[in-house]
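The structure under discussion appears below in the form of structure tokens.
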Amino acid sequence: MKIKNFSAPTMAQAMALVKEELGDEAVIISSTKDKDGNFNITAAIEEDEIRFDLEDKAEVVSRKVSFNDAHIRESLEYHGVLDMVAGRILANVRRISSEQRIYDDKALLEQSLSGLFGYSDVLDLQNPFKMFMGVPGSGKSTAIAKVATQAKLKGIRSCIISTDNVRAGANKQLEAFANILETDFLFCKGERALYETSRKAGEVYPLVLIDTPGINPFQKEEVEKLSALSEVVKSEMILTMDAGKNTCEAVEIADVFADIGVKHLLPTRLDLTRRIGALLSVANCCGLSFCAASVSSKIAQGLARIDNKSLAELILA
Ligand SMILES: Nc1nc2c(ncn2[C@@H]2O[C@H](COP(=O)(O)OP(=O)(O)OP(=O)(O)O)[C@@H](O)[C@H]2O)c(=O)[nH]1
Ligand SMILES: [Mg+2]
């Protein structure tokens with residue numbers, strides 16, 4: 001990089017000197033007026049490097065100084081990613097592009113998401129208990145039916161426990177799914193019953209899926225009730241969330257669930273959504289790992305896997 005100072009009685013004259021000597025590509029680093037009234041400009045330009053072709057003719061090639069992140073930045077804006085999260089992703093993009101000289105958008109973004117997003121497997125059986133939570137209609141019961149289906153296909157025995165005594169008909173629907181899958185369905189009301197039922201189920205089944213009533217996270221009593229229920233079983237808590245939510249709204253909701261111990265995020269209705277900014281913001285700001293995603297209302301369609309590659313593809317799609 002070549003850096004030079006220019007001085008002239010007017011700003012226009014000083015700029016003309018910069019242009020004359022360094023050309024249109026010059027970047028103004030600073031401009032000040034000194035005590036004699038002269039305008040001082042410090043300008044810089046990237047120097048070209050000279051390569052020789054096979055016939056030894058000099059060829060001037062502009063050096064690629066830094067990656068142009070405009071496409072990735074615009075894509076993050078389109079998805080409505082929170083500024084703070086987009087800033088973290090773009091900082092990684094710039095660092096990785098200069099350190100590793102990767103200039104392909106998708107490959108670069110994929111690498112840049114590492115460390116900012118975590119992933120887990122909803123069928124990881126280290127902890128057999130999986131408790132599904134979320135606002136009403138967020139897709140808890142559908143996700144449970146899908147997990148039970150995937151488990152059955154893998155030969156994993158599971159049972160479903162419903163604690164949803166709020167919505168009329170909720171249990172009938174889940175029970176019908178369980179019957180089709182030939183999976184045991186148990187219902188329990190209250191913490192004591194959940195404690196007993198889950199303890200017994202944990203002795204028999206490697207996978208115990210617990211459904212909970214949809215709650216309003218902004219109603220303290222509802223959150224406290226759910227929190228009391230969650231303390232009864234040492235389960236992995238999974239938040240189901242409609243992918244099409246407003247970003248700020250989604251982060252505020254997820255924050256409440258994270259406070260009571262939720263660590264995993266299972267986005268739903270990805271098939272009805274074009275923007276995933278809310279999901280990226282929730283996962284990064286609330287420290288939730290993506291454990292799977294629901295991309296259809298059809299149980300047989302199962303759950304999709306989410307990783308850095310699929311997120312990068314969704315962002316740049
Ligand atoms: N298109 C689409 N629809 C979905 C998806 N997941 C769930 N649904 C639909 O969303 C609606 C609500 O799903 P449920 O699984 O009943 O949601 P819930 O959280 O159990 O609801 P409550 O128990 O009432 O709180 C149903 O009509 C589902 O078919 C999805 O990934 N894509
Ligand atoms: Mg339900």
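Note that ligands are numbered from 1 as they come in the structure, with each ligand's atoms numbered from 1 the same way.
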For residues 129-139, which residue pairs pass the salt bridge (Lys or Arg N to Asp or Glu O under 4.0 Å) check, not counting sequence neighbours?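 Pairs touching residues 129-139 that pass the test: K130-E236.
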Closest heavy-atom contact between I253 and M241?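 Heavy-atom minimum between the residues: CG2-CE, 3.9 Å.
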Mode of S296 contact toward ligand 1 - side chain, backbone, both, neither (heavy atoms, under 4.0 Å):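 Near ligand 1, S296 shows its backbone, while the atoms from C-beta on stay back.
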Mind checking whether T240 contacts ligand 1 via backbone (N, CA, C, O), side chain (CB onward), both or neither, at a 4.0 Å heavy-atom cut-off?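 No part of T240 comes within reach of ligand 1.
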Distance-only side-chain donor-acceptor flag, T42 / N5, under 3.5 Å: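 A pair is found: one side chain offers a donor N or O, the other an acceptor, under 3.5 Å apart.
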Donor-acceptor side-chain pairing of N40 and S7 below 3.5 angstrom: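 Yes.
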Measure the distances from the heavy atoms of G137 to every atom of ligand 1 and state whether one is below 4.0 angstrom.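 Distance cut 4.0 Å: G137 passes for ligand 1.
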hydrophobic_cluster_shared for I210 and V232, side chain cutoff 4.5 Å: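 Linked within one cluster.
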Regarding ligand 1, does [X] bring an N or O atom to under 3.5 Å of one of the ligand's N or O atoms?
| X | result |
| --- | --- |
| D271 | yes |
| S294 | yes |
| T142 | yes |

Within Q173, is some N, O or S atom less than 2.8 Å away from the Mg ion (ligand 2)?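 Not a single backbone or side-chain N, O or S atom of Q173 is under 2.8 Å from the Mg ion (ligand 2).
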Should K309 and E313 count as an ion pair when the cut-off is N to O under 4.0 Å?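 Yes, charged N to carboxylate O under 4.0 Å.
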Can we say K200 and E203 salt-bridge, meaning some charged N sits less than 4.0 Å from an Asp/Glu carboxylate O?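 Salt bridge between K200 and E203, a charged N being under 4.0 Å from a carboxylate O: no.
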Element-labelled atoms of ligand 1 that are located less than 4.0 Å from some non-hydrogen atom of L272: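 Contacts of ligand 1 toward L272, numbered from 1: 1 (N).
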Considering only heavy atoms of G139, which atoms of ligand 1 have at least one such atom less than 4.0 Å away?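 Those of ligand 1 that fall under 4.0 Å from G139 are 13 (O), 14 (P), 15 (O), 17 (O), 18 (P), 19 (O).
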